Asker: 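Shown below is the structure under consideration.
As the structure is a prediction and not an experimental result, all values here were calculated from the model. The chains referred to below are lettered A, B, ... by the order of the sequence lines, with proteins before strands, and numbering in each begins at 1.
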Amino acid sequence: MAGTQSPDNQPNKSNLDEIRQTRIQKVGQIKDLGLNPYCYKWEITDHAQQLQEKYLDLAPGEEILDEVSIAGRIMARRVFGKLAFFELQDETGRIQLYLEKKKINNTMSDPEGSNLIGAFNHLKKLSDAGDILGVKGNIKRTEKGELSVYVSEFAILTKSLLPLPDKWHGLSDTEKRYRQRYVDLIVNPQVRNAFRIRAKVTAGIRRYLETRDFLEIETPVLQSEAGGAEARPFITKHNTLDMELYLRIATELHLKRLIVGGFEKVFELGRIFRNEGISTRHNPEFTSIEVYQAYVDYHDMMALTENIVSSVTQEVLGNTKVSYQGTEIDLTPPWRRVTMHEAVAEASGIDFAKFTDFASAKSAAEDAGIAVPEDCQTIGKLLNEAFEQKVESSLIQPTFITDYPVEISPLAKPHRDKPGLVERFELFIVGRETANSFSELTDPLDQRARLEAQADKKAAGDVEAHDVDEDFLTALEYGMPPTGGLGIGIDRLVMLLTDSPSIRDVIAFPLLKSQNNQDKSGLETDPGNSESKEGK
RNA sequence: GGGUCGUUAACUCAGUUGGUAGAGUAUCCGGCUUUUAACCGGCUUGUCCUGGGUUCGAGUCCCAGACGACCCA
C-alpha cells in the first residue's frame, strides 16, 4: 500500500480493475455467508446437450419432475425482480436455467449471519457471467419454448474475476484467440469442436492400426543426431552429459531400427519439431504419424493410406465427402494415382523423361515459365521444381503423386523398373502435401552413399542436411526386411476435416512471438523461411 | 526476406480537412415473475501499440520499431 496516497486518489484505475475488485469483494461476501467461492466438487447427473435431445418433444409450458444436477459456466444473465434466466454452458452445449425466487428460497435455507435476504438474492447479487455454477432442479420448457432447468438449489462453484468478451460479438481478435485460447474456447463453440474432432482423428487412427496388430512404440525426441528428413532442427543441451542434442525432425530412423529388430508392424503418432518458418500451413512443432510394415511396398502403403484416411473420416464425420473452404473433397477410395513425370507433362507440356542432358531440360523448363534456382543442377531436381511450381497447388482432390527422382529421396528404394527414380509417393489434398511414403531403402551400402552425400551438403553449409547416422547404417547392415513406410501430417488432415484455413486453428496453443522481447538484438536472427524436404 | 492490411475502453467497433476521446456490450446503482443480444432510467470506464519528428496543436501527417493477419519467396 502506498501510504501517501488516499484510497480515493487512484490514478490509472481502469474499468477492468474495477470489475476485478468488485468481484474480489463478492468472493469475500460469499465467504462471509459461510460458503466457499472455490468449491471442491459437484455431482453431475446430466449434460446440456443430452438434456436438449432427451426432452426435445416436451411442449412449451410443460414441466417434468425428473431431478437433474448439472454444472457449467454462466454465459448470460437475464435478471428480473423475483425471476431470472441464466444460460449455463457445459462441455456439450448450453441450457437455460429458470430461477425463481419462491422456489429457491423454499428449498435453500438462509445461511445464518447473512446480510442478504434469501438465497435468490445471493444468486442475483453475487453471481456474474463467467462464474462456474452447479445447479439441481427439474426439467421445464418455458411458455416461450426454451428448455430449462427449473432450479431448486445452486452453488457458485468457482467465482470468476475477469469479465467475458462481448456476449454477442465474442472474441474475434485472432492474436488474442491464440494467446488466450482458454477464452477462445469459452466463447467460440466451433473452436471446441475442432479439438474434439482432432482427438477423434488421432484416437481413430490408433484404433485402426491397433486392431490390425500394429504396435505403437515411442522413440526418442532428444537425439544426438537429427535425421529422417531434410529440415533444420532445434538444438538443446544435456547439462550433466555436456552433450548437444537435437529435437527430432522425424521418427523414421528409429522406427526402422525396430523393423530390423524384428517387429513387423510399428507406428508412432507424436510431435515433430522443425526450426523453420511459421505460416498457415507450418507450426514449428506439429504432429505426424509414421507407420512401417515389413514385407510390403509403397503400393500397399497407398492402399493403407486410403483406408486409414477414408475410414477415420467416415467414423468422425459420418461421410467420406468433406467440404473444405467451399470445395467438396471426395475422400472415397480409390484415389487418383499419377506419376510425377505424367503430372508435370500434363501441366507444362514437358516430358522430362526424354531429356538426357541437363542443359536442354533447363532451357525447356525456362521456356515453360519455370524459375530455376541456383542449386537446381540435375534433371531430377528440375522435375521437382516443375512439379512444385506447375502442379502442386492444382491437386485439390486426393491424388497420389508417384515415382520421385532419387536426388530428393535419400531414404527410398530405387524403382524396380525406372532408373533414376525411387518407389515413393506423396499424397496431395487441397494443394497440400498430406502424406509421404516409400518402399524403404534396405541396401546399407546404397544408404551409406546417400547419407554421405547429405553430410557433404551439411559440411558445405546446408542447415537442413545432417551427418551420417552410423548406428542406423549398422542396423541396416544386420539386414532390414523389405518394408513399406508411411508418414501422414496429422495437423493438415485435421485442418481438412474441420474446414480450418490455418494450422493454428487445429493446434490448441500455436507458437507466437513473445510479446515482450523488446530488445534481443544480440541474438541471432533466423530467416526461417525454408520448407523442409522429404521426411515422413 | 518482400508486399498489403491492421493495432483506439474488458469485448466489438466508429472517429470527418490536424482543433476537448465516441457508440454498443459488459460493469455499477435503481425498477421489473416468461426472458432468450430481455427491457426502462442513471453512473462509470482510455499507455489511442511503442519511440522519435513536423506543427501553436497529432488518434489523425512523416520516420523507425513491436505484435498480428493474409499473400509471395
Side-chain angles (χ1 to χ4, degrees), chain A residues 8 10-26 52 60-63 74-89 94-105 120 124-131 140-151 160-180 183-184 186-188 276-282 325 371-375 385 388-389 393 431 501-505 510-521 525-531:
Chain A
D8 297 334
Q10 292 184 9
N12 296 331
K13 190 182 178 189
S14 75
N15 192 234
L16 181 63
D17 283 338
E18 257 178 57
I19 291 172
R20 191 166 165 274
Q21 288 306 326
T22 303
R23 294 199 183 186
I24 288 172
Q25 283 170 17
K26 290 180 183 178
Q52 298 283 6
E62 272 191 57
E63 188 176 341
I74 301 171
M75 297 303 290
R77 282 162 36 101
R78 294 181 285 277
V79 181
F80 298 75
K82 295 168 185 160
L83 177 71
F85 300 95
F86 286 10
E87 273 178 51
L88 199 72
Q89 172 174 283
R94 291 190 184 190
I95 191 164
Q96 180 170 270
L97 304 181
Y98 182 98
L99 301 148
E100 205 178 38
K101 182 173 184 175
K102 202 166 50 182
K103 175 151 177 159
I104 289 171
N105 284 355
F120 181 78
K124 199 168 145 182
K125 296 285 180 188
L126 300 180
S127 77
D128 289 287
D131 291 352
K140 174 180 176 137
R141 192 176 290 281
T142 62
E143 312 276 335
K144 298 283 166 67
E146 187 73 33
L147 188 74
S148 307
V149 175
Y150 191 8
V151 175
S160 166
L161 300 184
L162 296 172
L164 292 175
D166 188 289
K167 66 184 172 193
W168 185 245
H169 299 97
L171 183 69
S172 61
D173 183 304
T174 45
E175 187 175 355
K176 286 203 177 75
R177 287 185 46 224
Y178 297 146
R179 287 194 196 277
Q180 294 186 282
V183 180
D184 190 29
I186 290 169
V187 298
N188 294 322
E276 294 169 353
I278 298 177
S279 76
T280 48
R281 297 173 305 282
H282 300 87
Q325 304 295 295
V372 181
E374 270 300 298
D375 63 344
E385 278 296 331
E388 288 181 359
Q389 291 179 38
S393 62
S502 169
I503 196 170
R504 296 182 200 89
D505 297 327
L511 185 67
L512 296 178
K513 272 198 193 179
S514 167
Q515 279 175 312
N516 44 12
N517 60 347
Q518 291 301 343
D519 188 19
K520 293 185 178 173
S521 49
T525 53
D526 182 355
N529 55 358
S530 55
E531 183 168 349

Asker: Just checking Val79(A): base, sugar-phosphate only, or nothing, at a heavy-atom cut-off of under 4.0 Å?
Answerer: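 Result for Val79(A) = base.
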
Asker: Return the nucleotide paired to G57(B): Watson-Crick means purine N1 to pyrimidine N3 with N6-O4 or O6-N4, wobble means G-U with N1-O2 and O6-N3, both under 3.5 Å.
Answerer: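 Partner of G57(B): none.
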
Asker: Mind checking Arg177(A) for me? I need base, sugar-phosphate or nothing, with any heavy atom below 4.0 Å counting as a touch.
Answerer: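 Here Arg177(A) touches no strand at all.
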
Asker: For Asp505(A) and Tyr178(A), does a side-chain donor sit closer than 3.5 Å to a side-chain acceptor?
Answerer: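 Per modelled atom types, Asp505(A) and Tyr178(A) side chains form a pair under 3.5 Å.
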
Asker: Can you check the distance between U55(B) and A23(B), where both ends of the measurement are the C1' atom (answer in whole Å)?
Answerer: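 Those two atoms are separated by 31 Å.
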
Asker: Regarding Lys124(A), tell me which of base, sugar-phosphate or nothing describes its non-hydrogen contacts under 4.0 Å with the strands shown.
Answerer: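 Since no nucleic acid heavy atom lies under 4.0 Å of Lys124(A), the category is nothing.
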
Asker: So which nucleotide from U36(B), U33(B), C28(B) ends up closest to the side chain of Lys102(A)?
Answerer: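 My answer, after comparing the listed nucleotides, is U33(B).
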
Asker: Within the structure, does a side-chain N or O atom of Thr280(A) lie under 4.0 Å from either OP1 or OP2 of C71(B)?
Answerer: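 Yes, Thr280(A) has a side-chain N/O under 4.0 Å of OP1/OP2 on C71(B).
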
Asker: Using atom P of each nucleotide, how far apart are U60(B) and G6(B) to the nearest Å?
Answerer: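 These two P atoms come out 14 Å apart once rounded.
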
Asker: Using OP1 and OP2 only, check whether a side-chain N or O of Lys167(A) sits under 4.0 Å from A38(B).
Answerer: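 For Lys167(A), the contact criterion (side-chain N or O under 4.0 Å from OP1 or OP2 of A38(B)) is met.
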
Asker: If the P atom of A9(B) is compared with that of A21(B), how far apart are they to the nearest Å?
Answerer: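 Comparing P positions in A9(B) and A21(B) gives a spacing of 15 Å.
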
Asker: Under 3.5 Å, is there a donor-acceptor pair linking the side chains of Gln389(A) and Glu385(A)?
Answerer: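 Indeed, the side chains of Gln389(A) and Glu385(A) share at least one donor-acceptor pair under 3.5 Å.
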
Asker: Under 3.5 Å, is there a donor on one side chain and an acceptor on the other for Glu63(A) and Tyr150(A)?
Answerer: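 No.
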
Asker: Between U12(B) and U7(B), how many Å separate the two C1' atoms, rounded to a whole number?
Answerer: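 Going atom to atom, C1' in each nucleotide, I get 14 Å.
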
Asker: U27(B) phosphate, OP1 or OP2: any side-chain N/O from Lys26(A) under 4.0 angstrom?
Answerer: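 It does not, given that no N or O in the side chain of Lys26(A) lies less than 4.0 Å from OP1 or OP2 of U27(B).
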
Asker: Identify which nucleotide among A38(B), C70(B), A26(B) has an atom closest to any side-chain atom of Pro163(A), counting heavy atoms from C-beta outward.
Answerer: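 Nearest nucleotide to the side chain: A26(B).
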
Asker: To the nearest Å, how far apart are Met75(A) CE and C11(B) C1'?
Answerer: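 Atom CE in Met75(A) sits about 12 Å away from atom C1' in C11(B).
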
Asker: Please say which of Arg77(A), Gln96(A), Arg78(A), Lys167(A) ends up in a side-chain hydrogen bond (donor to acceptor under 3.5 Å, both in side chains) with Glu87(A).
Answerer: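 Among the candidates, only Arg78(A) passes.
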
Asker: Could you tell me which nucleotide pairs with G6(B) by Watson-Crick or G-U wobble geometry, both distances under 3.5 Å, or answer none if nothing does?
Answerer: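 The answer is C67(B), by the H-bond criterion.
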
Asker: Would you measure the distance from the C1' atom in C5(B) across to the matching atom in C49(B) and give it in whole Å?
Answerer: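 Their C1' atoms lie roughly 16 Å apart.
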
Asker: Between A69(B) atom P and Lys513(A) atom NZ, what is the distance in whole Å?
Answerer: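 Roughly 11 Å, once rounded to whole Å.
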
Asker: Using the C1' atoms only, state how far U47(B) lies from U36(B), rounded to an integer number of Å.
Answerer: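 About 39 Å, rounded to a whole number of Å.
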
Asker: What is the pairing partner of A21(B), taking Watson-Crick or G-U wobble pairs with both distances under 3.5 Å in any strand?
Answerer: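 The base-pairing partner of A21(B), which may sit in any strand shown, does not exist here.
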
Asker: Strictly by Watson-Crick or wobble contacts shorter than 3.5 Å, is anything paired with A37(B), and which nucleotide is it?
Answerer: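 WC or wobble partner does not exist here.
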
Asker: In whole Å, I'd like the distance from the CD atom of Glu18(A) to the C1' atom of C11(B).
Answerer: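 One finds 17 Å between C1' of C11(B) and CD of Glu18(A), rounded.
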
Asker: Using the side-chain heavy atoms of Thr142(A), tell me which of these nucleotides is nearest: A38(B), U34(B), C67(B).
Answerer: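 Of the candidates, U34(B) comes closest.
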
Asker: Once hydrogens and angles are ignored, does a donor-acceptor distance under 3.5 Å link the base of G68(B) to the side chain of Asp173(A)?
Answerer: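 Counting by modelled atom types and ignoring angles, no donor-acceptor contact under 3.5 Å is found here.
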
Asker: A37(B), OP1 or OP2 - any side-chain N/O from Arg78(A) closer than 4.0 Å?
Answerer: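 Indeed not, no polar side-chain atom of Arg78(A) lies that close.
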
